[in-house]
Amino acid sequence: MSITLLSSPLQGFTDFRFRNAFHKHFGGIDTFYSPYIKLNGKLVVKGSYERDILPENNTTLEVIPQIITNDAEEFLFVAKYVQQFGYKELNWNLGCPYPMVAKCGMGSGLISNTSQIEHILKRVHNETDIIVSMKMRMGYENPTEILDVFPILDQYPIKNIAIHARIGKQLYKGGVDLDSFEKCLEHTKHKIYYNGDITSVSKFKELQERFPSIDHWMIGRGLIADPFLPSMIKNNTTEYTKNKLEIFEAFHDEIYREYDAYLQGPTPIRMKMLGFWEYFSESFSNPQKTFKKIKKAGNSKNYEAAVKEIFKNG
C-alpha cells in the first residue's frame, strides 16, 4: 500500500518560510497544513495569516489552510476568504490542546460540544461548497468524547479526520493512546489519518503494523526534530544521507535569513530560532549540550558562531 505523508500544522513553526525551505532541502511531505487562522471575534483576517496562504508564497507545495473557531459565521467567512485564493478545502481544528484555547470552547475544548459542531457543519454544508476536513484530538477530558461526535460527522461529506491519539489535557505529555485510537476506526465511516509521536522510522513501522488500514500519516513535532524523517520513511531506510549535516545547515541558514529579514530585530529572531533549536537539537549527538550552546548565544554574532560549531562537530 502506498502511503501519504502530511505535515501537521504547528503554530509558530510551520509557516510558508519553513514549508518552502523544508520542501526544497528535505522533501518527503505530500501535503502541508497551514497553521490555523483565528479571527478573535472580528470578521477580519490578519496580514500574517494571509501571507501564509497566498499562492505566490506556496508555489511548489500542496497546502491546505486551517481554521480554529466555534462560530459558524467565522467559518463561513474564512471559507469564502480562502476560496478567493483558489483553495477548495478548509481544515477545521478541533485538536489544539492549549488551555487558553480549549477554555474558550475551541480546538480540543469544542469536542464535547456536539450540538455546536453539528450547527456549524450544517450551516457550512448548506451555505458553501468548501470541502471540509477535520484535525482532532480524541477529546479534552477523556478519549471517549470523540465517539459522540462521529454520528454527527457521519451525516456530512467530511473529506477526512486526522486524529492525534491524545486528549487535550495531556498537551504533548505522556504517550499516545493507541487503544482509544483503534476504537475511533471502528466508530466512523470516514477516512481516518493518524497523527501522534511519529518520531523515527522504526516507530512509524510499529504504527503501520498496528494500523494496516491507515495510509495517511501526519507528522508534527517529529518533522522538526528530524527533518530527514519523512523522506527516510518514504524510502524505507534508517540510513541518513552522507551529507546530512550540510543539508541541515543549508536548510537552517535559509530559514534563519528569511526570519531575520521578516522579524527585524535581535530579540525576535533569537526567540524564533531558540524555539526551533528545542527540536533541532534532538538530531545531534548531545541534544542538551547543543541546545545549551544556542541558549548561551546572546546576540546574532554569537548565535551564528554557535551554529557553525554545532554543524561542524555534529
Side-chain angles (χ1 to χ4, degrees), residues 5 7-29 32-36 48 52 61 96-98 164 171-174 195-201 203-204 218-233 240-314:
L5 296 183
S7 167
S8 178
L10 291 172
Q11 216 70 11
F13 291 97
T14 58
D15 70 0
F16 74 92
R17 298 171 187 86
F18 175 89
R19 296 192 299 262
N20 286 325
F22 186 96
H23 186 67
K24 173 181 167 184
H25 294 282
F26 301 109
I29 292 294
F32 291 83
Y33 288 79
S34 72
Y36 59 66
S48 58
D52 192 46
L61 314 170
C96 182
Y98 292 110
H164 184 132
L171 297 176
Y172 293 97
K173 297 167 189 169
N195 177 220
D197 285 10
I198 300 175
T199 52
S200 67
V201 175
K203 182 69 179 173
F204 171 76
M218 187 176 271
I219 308 176
R221 295 167 302 147
L223 176 144
I224 305 175
D226 184 358
F228 294 91
L229 181 59
S231 61
M232 289 170 71
I233 289 172
Y240 286 93
T241 180
K242 286 179 183 175
N243 58 340
K244 172 188 174 183
L245 291 177
E246 288 172 39
I247 295 170
F248 206 150
E249 187 172 15
F251 164 73
H252 165 274
D253 290 353
E254 183 166 332
I255 63 168
Y256 178 58
R257 283 193 306 270
E258 289 280 333
Y259 286 120
D260 193 32
Y262 167 61
L263 294 168
Q264 296 177 334
T267 302
I269 185 63
R270 182 174 180 273
M271 297 311 294
K272 170 64 81 172
M273 298 313 296
L274 200 61
F276 277 116
W277 276 102
E278 279 194 67
Y279 294 104
F280 289 167
S281 60
E282 297 296 320
S283 282
F284 295 85
S285 54
N286 191 329
Q288 214 172 356
K289 191 177 174 185
T290 299
F291 188 55
K292 195 174 177 183
K293 279 182 185 171
I294 296 296
K295 277 182 84 173
K296 280 174 68 179
N299 58 48
S300 295
K301 188 180 175 185
N302 290 344
Y303 171 80
E304 289 162 19
V307 167
K308 275 190 178 171
E309 187 189 341
I310 289 165
F311 281 114
K312 186 180 175 185
N313 298 326

| field | Tyr262 and Ser48, any side-chain heavy atoms less than 4.5 Å apart | value | yes
| query | Quick one: are Thr290 and Glu282 in side-chain contact, heavy atoms under 4.5 Å? | reply | no
| Does any non-hydrogen side-chain atom of Arg221 lie less than 4.5 Å from one of Leu10? | yes
| task | Measure the spacing between CZ of Arg17 and NZ of Lys272 and express it to the nearest 0.5 Å. | result | 8.0 Å
| request: Check whether any side-chain heavy atom of Arg257 sits under 4.5 Å from a side-chain heavy atom of Asp253, and report yes or no. | output: yes
| field | Reported CG-to-OG distance for the pair Asp52 and Ser34, which is rounded to 0.5 angstrom | value | 5.5 Å
| request: Decide if atom NZ of Lys244 counts as having more than 12 heavy atoms of other residues, nucleotides or ligands within a radius under 6.0 Å. | output: yes
| field | Distance (rounded to the nearest 0.5 Å) between Asp226 CG and Ile198 CD1 | value | 13.0 Å
| task | Using the six-membered ring wherever Trp is involved, compare the ring planes of Trp277 and His252 and label them parallel, tilted or perpendicular (cut-offs 30° and 60°). | result | tilted
| Minimal non-hydrogen separation, Asn195 against Met218, with atom names | ND2-O, 3.0 Å
| request: Output the distance between atom CZ (Arg19) and atom OH (Tyr33), rounded to the nearest 0.5 Å. | output: 12.5 Å
| query | Does any N or O in the side chain of Asp260 come within less than 3.5 Å of the main-chain N or O of Tyr256, such that one atom is a donor and the other an acceptor? | reply | no
| field | Leu229 vs Leu223, side-chain contact (heavy atoms from CB on, under 4.5 Å): CA-CA, chis, key distance, verdict | value | CA-CA 6 Å; Leu229 181 59; Leu223 176 144; over 6 Å; no
| Check: Asp15 side chain, Phe18 main-chain N or O, donor-acceptor pair, under 3.5 Å | yes
| said: On a heavy-atom basis, which atom in Gly196 and which in His164 lie closest, and how many Å separate them? | reply: CA-NE2, 4.2 Å
| field | Atom of Ala297, atom of Arg270 and distance for their closest heavy-atom approach | value | O-NE, 3.1 Å
| request: Kindly indicate, with the supporting measurements, whether the criterion side-chain contact (heavy atoms from CB on, under 4.5 Å) is fulfilled by Met232 and Phe204. | output: CA-CA 11 Å; Met232 289 170 71; Phe204 171 76; over 6 Å; no
| Between Ile247 and Phe228, is any pair of side-chain heavy atoms under 4.5 Å apart? | yes
| note | Heavy atoms of Pro97 and Leu171 approach each other most closely as O-CD2, 3.5 Å
| query | Can you check whether Thr199 reaches Ile219 side chain to side chain, under 4.5 Å on heavy atoms? | reply | no
| field | Beyond-backbone contact of Ile294 with Ile310, side-chain heavy atoms, under 4.5 angstrom | value | yes
| query | What's the verdict on side-chain hydrogen bond (donor to acceptor under 3.5 Å, both in side chains) for Asn243 and Thr241, showing C-alpha distance, side-chain angles and the deciding distance? | reply | CA-CA 6 Å; Asn243 58 340; Thr241 180; 2.8 Å; yes
| Counting distance only, does the side-chain N/O of Gln11 pair as donor-acceptor with the main-chain N or O of Tyr36 below 3.5 Å? | yes
| said: Would you call the rings of Phe276 and Phe280 parallel, tilted or perpendicular, taking 30° and 60° as the class edges? | reply: parallel
| message | What I'd like to find out is whether the side chain of Tyr279 reaches to under 4.5 Å of the side chain of Phe291, using heavy atoms alone. | response | no
| request: Of all the heavy-atom pairs spanning Ser8 and Gly220, show the shortest one and how long it is. | output: CB-CA, 3.7 Å
| message | For the NZ atom of Lys289 and the OG atom of Ser281, what is their distance to the nearest 0.5 Å? | response | 13.5 Å
| note | Rounded to the nearest 0.5 Å, the OG atom of Ser7 sits from the CZ atom of Phe13 at a distance of 12.0 Å
| message | Test your reading of the model: is there a side-chain donor-acceptor pair from Ser283 to the backbone of Ala225, 3.5 Å cut-off? | response | yes
